[in-house]
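Have a look at the structure below before the remarks.
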Amino acid sequence: QVQLAESGGVLVQTGGALRLSCAASGFTLNSYYIGWFRQVPGKKRDGVSCISGRDGSTYHADSAKGRFTISRDNTRNTVYLQMNSLQPEDTAVYYCATVDVQRVGGSPCQAAGYDYWGQGTQVTVSS
């Protein structure tokens, strides 16, 4: 079955960098969209960065542009989120999720459009 496992979340200082990994199993990336989302208590889950496993096209939220990079390694069935210049407001639980690329609508990085989710990994940025 489809499974996603995030890793890499830690405590980091403001201005630091971090790379999150999302290991996928039960499916191959090249037919799916993979997204990174984040959530803080009391708020909705927001899209951060998403990538098509088929053609590598990407989407980044405004908060991620210029600082975060999403990439995929289809041979390892893994998606990465490189986060640079981290700020305290980036503190959240980060989730990866996936949906069949054929089911993606006009907004490919909306949490409601994703079918399968990992358990999340905590990222804390200290000020």
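One is the number of the first residue; the rest follow in order along the sequence. Excluded from the calculations below are hydrogen atoms, water molecules and symmetry mates; all remaining heavy atoms, backbone and side chain alike, are included. Because the structure is predicted, anything quoted here is derived from the model rather than measured.
Across all their heavy atoms, V40 and A92 have their closest contact at CG1-CB, 3.7 Å. Contact detail for Q102 and R54: the closest heavy-atom pair is NE2-NH2, 4.3 Å. Minimum heavy-atom separation, A97 to L4: CA-CD1, 3.6 Å. Contact between V79 and R72 at its shortest, heavy atoms only, is CG2-CB, 4.1 Å. Considering every non-hydrogen atom in both Y95 and G118, the closest pair reads CD2-O, 3.6 Å. Summarising the geometry of C22 relative to W36, their closest heavy-atom pair is CB-CZ2, 3.5 Å, with the distance given to 0.1 Å.
To the nearest 0.5 Å, the span separating CD1 on I70 from CE on M83 amounts to 11.5 Å. Atoms OH and SG, from Y80 and C96 in turn, are 12.0 Å apart once rounded to the nearest 0.5 Å. To the nearest 0.5 Å, atom CD of residue Q39 and atom NZ of residue K44 are 9.5 Å apart. Here Q119 contributes atom CD and E6 contributes atom CD; the two are 7.5 Å apart, rounded to the nearest 0.5 Å. Taking OG1 from T78 and CG from L20, the interatomic distance works out to 12.5 Å, rounded to the nearest 0.5 Å. Between atom CG of residue L81 and atom OG1 of residue T121 there is a gap of 11.0 Å, rounded to the nearest 0.5 Å.
The neighbour count for Q13 CD, taken as heavy atoms of other residues, nucleotides or ligands under 6.0 Å away, does not exceed 12. Heavy-atom contacts from other residues, nucleotides or ligands closer than 6.0 Å to OH of Y116 number 12 or fewer. Shown here is Q122, whose CD atom has more than 12 heavy atoms of other residues, nucleotides or ligands within 6.0 Å.
Linking ILVMFWY side-chain heavy atoms closer than 4.5 Å, directly or via other members, places I51 and F27 in a single hydrophobic cluster. Hydrophobic clustering, with ILVMFWY side chains joined whenever heavy atoms are under 4.5 angstrom apart, keeps L18 apart from L11. Two different hydrophobic clusters hold Y32 and Y114 under the rule that ILVMFWY side chains link at heavy-atom gaps under 4.5 Å. Hydrophobic cluster membership is shared by V48 and V125, with clusters built from Ile, Leu, Val, Met, Phe, Trp and Tyr side chains linked at under 4.5 angstrom.
Not counting sequence neighbours, the partners of S49 by the side-chain hydrogen bond (donor to acceptor under 3.5 Å, both in side chains) test are H60. Partners of D100 according to the salt bridge (charged side-chain N to carboxylate O under 4.0 Å, His left out) rule, which considers only residues two or more places apart in sequence or in another chain, do not exist here. Residues passing the side-chain contact (heavy atoms from CB on, under 4.5 Å) test with V104 are Y33, V99, P108, sequence neighbours excluded.
Between the side chain of N77 and the main chain of L29, a donor-acceptor pair closer than 3.5 Å is present. The closest donor-acceptor contact from the side chain of Q87 to the backbone of S85 lies under 3.5 Å. Proximity of a side-chain donor or acceptor of T14 to a complementary backbone N or O of S126 within less than 3.5 Å is detected.
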Quick one, V123 with R38, criterion side chain to side chain contact (heavy atoms under 4.5 Å, CB included). Give me CA distance, side-chain angles, the key distance, then yes/no. CA-CA 9 Å; V123 172; R38 66 187 183 187; over 6 Å; no

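Ring orientation note: the planes of F37 and W117 are tilted relative to one another, at an angle of 30° to 60°.
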